[in-house]
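Naming: A, B, ... by sequence-line order, numbering from 1 per chain.
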Amino acid sequence: MRDIITKHFKSVFEAELLEEIIKIGEIKTYPKDTLLMDFGEYMRHMPLIIDGAIKISRIDKNNDELFLYFLKRGQSCAMTLSYFIGHHKSEIKAVSETETSMVLLPVDQIEIWISKYKSWRKFVFENYHERFIELLDTIDTIAFSNTSERLLHYLSNKAKVNKSNTIKITHQEIAFDLNTSRVVISRLLKTLEQEGEIKLERNKIYILSK
DNA sequence: TCATTAACACGGG
DNA sequence: CCCGTGTTAATGA
């Protein structure tokens with residue numbers, strides 16, 4: 001516990017805060033595809049990601065999903081970080097994309113530490129900023145790109161967090177994430193394959209380009 | 001033009 | 001046989 005937290009956050013948090021995290025925090029490892037937080041649930045803990053990746057999605061009234069971004073090592077969830085501002089229910093859904101380890105901290109600590117530790121303030125605001133930029137990036141591909149570019153954006157993100165150029169996924173799952181139809185994904189993937197960007201197999205996509 | 005929905009055939013496991 | 005895939009046709013934005 002001490003070793004893991006020191007190793008990952010030594011350069012981020014001051015010594016006193018590290019001690020508090022070691023005392024209060026709880027290290028958890030979840031297998032791939034675990035529902036960590038559902039839309040509308042109350043947030044009780046905030047995660048500091050140690051390893052792995054978490055897929056963050058938005059859900060609309062019809063229960064349709066829309067992929068937003070991945071949380072990676074060293075990052076935290078902007079949704080829970082805003083807990084102290086007053087919105088206590090989650091606006092997003094979080095599912096582990098790979099096996100993911102994290103330090104869980106009670107949400108009440110967020111506010112306490114903000115007034116107590118400079119490094120924590122910096123961490124909270126930087127994380128907020130990063131998530132915001134990532135969100136803009138995703139919005140850009142939705143608003144200004146065609147679906148093909150959006151698909152590539154999605155695939156390269158996916159390849160990055162899985163640390164592999166082979167993605168294990170079905171066309172239907174991609175369609176759910178991008179909130180479009182399977183026909184479109186199949187057609188676009190086929191085109192990308194013909195263009196030499198990817199190679200297709202059943203349940204698998206190989207990314208050839210960078 | 002490009003997306004959606006429905007429908008169908010193919011084939012691997 | 002079931003599921004994922006590739007494709008087409010009709011319709012719409």
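Spacing between atom CD1 of Ile205(A) and atom C1' of dG4(C) amounts to 12 Å, rounded to whole angstrom units. To the nearest angstrom, C1' of dC3(C) lies 13 Å from NE2 of His171(A). Following rounding to the nearest Å, Ile185(A) (CD1) and dT7(C) (C1') show an atom-to-atom distance of 16 Å. dG6(C) atom C1' lies 14 Å from atom CD1 of Ile198(A), rounded to whole Å. Distance, Ile169(A) CD1 to dC3(C) P: 18 Å, rounded to whole Å.
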Check your understanding: What string of B, S and - do you get for nucleotides 1-6 of chain B, 5' to 3', when a contact is any protein heavy atom under 4.0 Å?
Key -> --SBBB

Just list the side-chain donor-acceptor pairs under 3.5 Å for residues 31-49 of chain A, sequence neighbours left out, or say none.
unit_1: Thr34(A); atom_1: OG1; unit_2: Pro31(A); atom_2: O; d: 2.5

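The side-chain hydrogen bond (donor to acceptor under 3.5 Å, both in side chains) search around Arg73(A) returns Asp51(A), not counting sequence neighbours. Under the rule for a ring-ring contact (aromatic ring centres under 6.0 Å, His included), Phe176(A) has no partner lying at least two apart in sequence or in another chain. Tyr30(A) is linked by a ring-ring contact (aromatic ring centres under 6.0 Å, His included) to nothing, counting only residues two or more places apart in sequence or in another chain. Considering only residues two or more places apart in sequence or on other chains, Phe67(A) meets the ring-ring contact (aromatic ring centres under 6.0 Å, His included) condition with Phe70(A), Tyr154(A). Contacts of His153(A) classified as side-chain hydrogen bond (donor to acceptor under 3.5 Å, both in side chains), with partners at least two apart in sequence or in another chain: Asp137(A).
Residues Ile142(A) make up the rest of the hydrophobic cluster containing Leu66(A), defined by ILVMFWY side-chain heavy atoms closer than 4.5 Å, directly or through other members.
Among residues at least two apart or in separate chains, salt bridge (charged side-chain N to carboxylate O under 4.0 Å, His left out) pairs with a member in residues 170-189 of chain A are Lys55(A)-Asp177(A). Note on residues 97-109 of chain A: pairs passing salt bridge (charged side-chain N to carboxylate O under 4.0 Å, His left out), not counting sequence neighbours, are Glu97(A)-Lys158(A).
Checking Asn146(A) against Arg150(A) by side-chain atom types alone, no donor-acceptor pair falls below 3.5 Å.
Classification of Lys116(A) and Glu16(A) as a salt-bridged pair fails, no side-chain N sitting under 4.0 Å from a carboxylate O.
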Please list each protein N or O that sits under 3.5 Å from an N or O in nucleotides 11-13 of chain B, with the distance.
unit_1: dG11(B); atom_1: N2; unit_2: Arg202(A); atom_2: NH1; d: 3.0

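With a 3.5 Å limit on both pairing distances and Watson-Crick or G-U wobble geometry required, the stems of 3 or more pairs in DNA chain C span B:1-13 with C:1-13.
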